[in-house]
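Hydrogens, waters and symmetry mates are skipped; everything else that's a heavy atom, side chains included, is used. Keep in mind it's a predicted model, so treat the numbers as computed, not measured.
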Amino acid sequence: MNDIPDLVWQPSLLALDEAVDFDRSFAGLVRIELDTESWVDHAPGWVSGADRLFEDVLRTRRWEQRSRRMYDQRVREPRLTAPWNAESSEPLEPPVLEELRESLSKRYRRLFDSVGFNLYRDGQDSVAWHADRIPKEIEGPIVALVSLGEPRKFLLRPKAGAKSHTFLLGGGDLLVTGGNTQRTWEHSVPKASRAGPRISLAYRHGLRSAAPGDEEERSA
């Protein structure tokens, strides 16, 4: 049995009774053009029964705290992570996550073959400004983020510098980055004075399994 992180998390009983499902038609999805070559798709509340799914993901993943090199020392990331890759031959649990993967793959015509799970335990967990390190040979990389739990600010800004775009993601929201967003923009989840736990699922395509101690920044 996996160790479950100690969190301050109080979903409503009604929310936990709601069946987990998602909008296969993507009817509520809106595309936002960041610039002439970069875009995001946003679908608030794409997953229903998101609090129940939060509980299931929290319980079934093997959460770890990675470290990365900063200047001349290694520091612990202020969040917990749990990777999944199709090459592992392990089933993607709970099964609805596989349904999400198939639906996203069909819509965006990419085979999403990995999922990065990120757990922000409270407002002190965060991720600094960064761009995902995606191999150059992957043309027009797409990353699909599904957010569960308490909403947190997700910020996007051009690498060249300009005003950032702010999204409040949680509760089953979907945010998909495409075009040149992962090449010419960067993103962050800033610290918050008060915040409940949030889990993000980052569906990616064409990436190899991350090695232990991988320093690579991941989507938020």
Legend entry - Enclosure of Glu64 CD (heavy-atom neighbours >12, cutoff 6.0 Å): no
Inset, instruction - Go through the structure and list residues passing salt bridge (Lys or Arg N to Asp or Glu O under 4.0 Å) with Asp113, not counting sequence neighbours. - result: none
Legend entry - Which residues share a salt bridge (Lys or Arg N to Asp or Glu O under 4.0 Å) with Asp23, sequence neighbours left out: none
Legend entry - Gap separating the CG atom of Leu168 from the CG atom of Leu155, nearest 0.5 angstrom: 10.5 Å
Legend entry - Glu98 and Arg101 ion-paired at < 4.0 Å: yes
Legend entry - Pairs satisfying salt bridge (Lys or Arg N to Asp or Glu O under 4.0 Å), at least one member in residues 25-50, at least two apart: Arg31-Asp41
Inset, instruction - Using distance alone, with no hydrogens and no angle criterion, decide if Asp21 and Ser48 have a side-chain donor and acceptor under 3.5 Å apart. - result: no
Inset, instruction - Hey, could you give me the CG/CG distance between Leu119 and Leu201, rounded to the nearest 0.5 Å? - result: 11.0 Å
Legend entry - Under the ring pair (Phe, Tyr, Trp, His ring centres under 6.0 Å) test, residues paired with Trp84 that sit two or more places apart: none
Legend entry - Working for side chain to side chain contact (heavy atoms under 4.5 Å, CB included), residues Leu58 and Leu7: CA-CA 10 Å; Leu58 181 67; Leu7 303 176; 3.7 Å; yes
Inset, instruction - Only pairs at least two apart or in different chains count here, so list each side chain to side chain donor-acceptor pair (under 3.5 Å) that has a residue in residues 152-170. - result: Arg157-Glu186
Side-chain polar contacts of residues 141-148 - donor-acceptor pairs under 3.5 angstrom, sequence neighbours left out - could you list them?
{"unit_1": "Ser147", "atom_1": "OG", "unit_2": "Arg198", "atom_2": "NH2", "d": "2.9"}

Inset, instruction - Output the distance between atom CD (Glu150) and atom CG (Asp122), rounded to the nearest 0.5 Å. - result: 11.5 Å
Inset, instruction - Applying side chain to side chain contact (heavy atoms under 4.5 Å, CB included), run through Trp63 and Val57 and close with a yes or a no. - result: CA-CA 10 Å; Trp63 298 102; Val57 172; 4.1 Å; yes
Legend entry - Identified side chain to side chain contact (heavy atoms under 4.5 Å, CB included) counterpart of Trp39 within the set Leu34, Ile32, Val176: Val176
Legend entry - Parallel, tilted or perpendicular, as decided by the 30° and 60° cut-offs, for the rings of His187 and Phe154: parallel
Legend entry - Arg24 to Phe22 six-membered ring, cation-pi geometry met (6.0 Å, 45°): yes
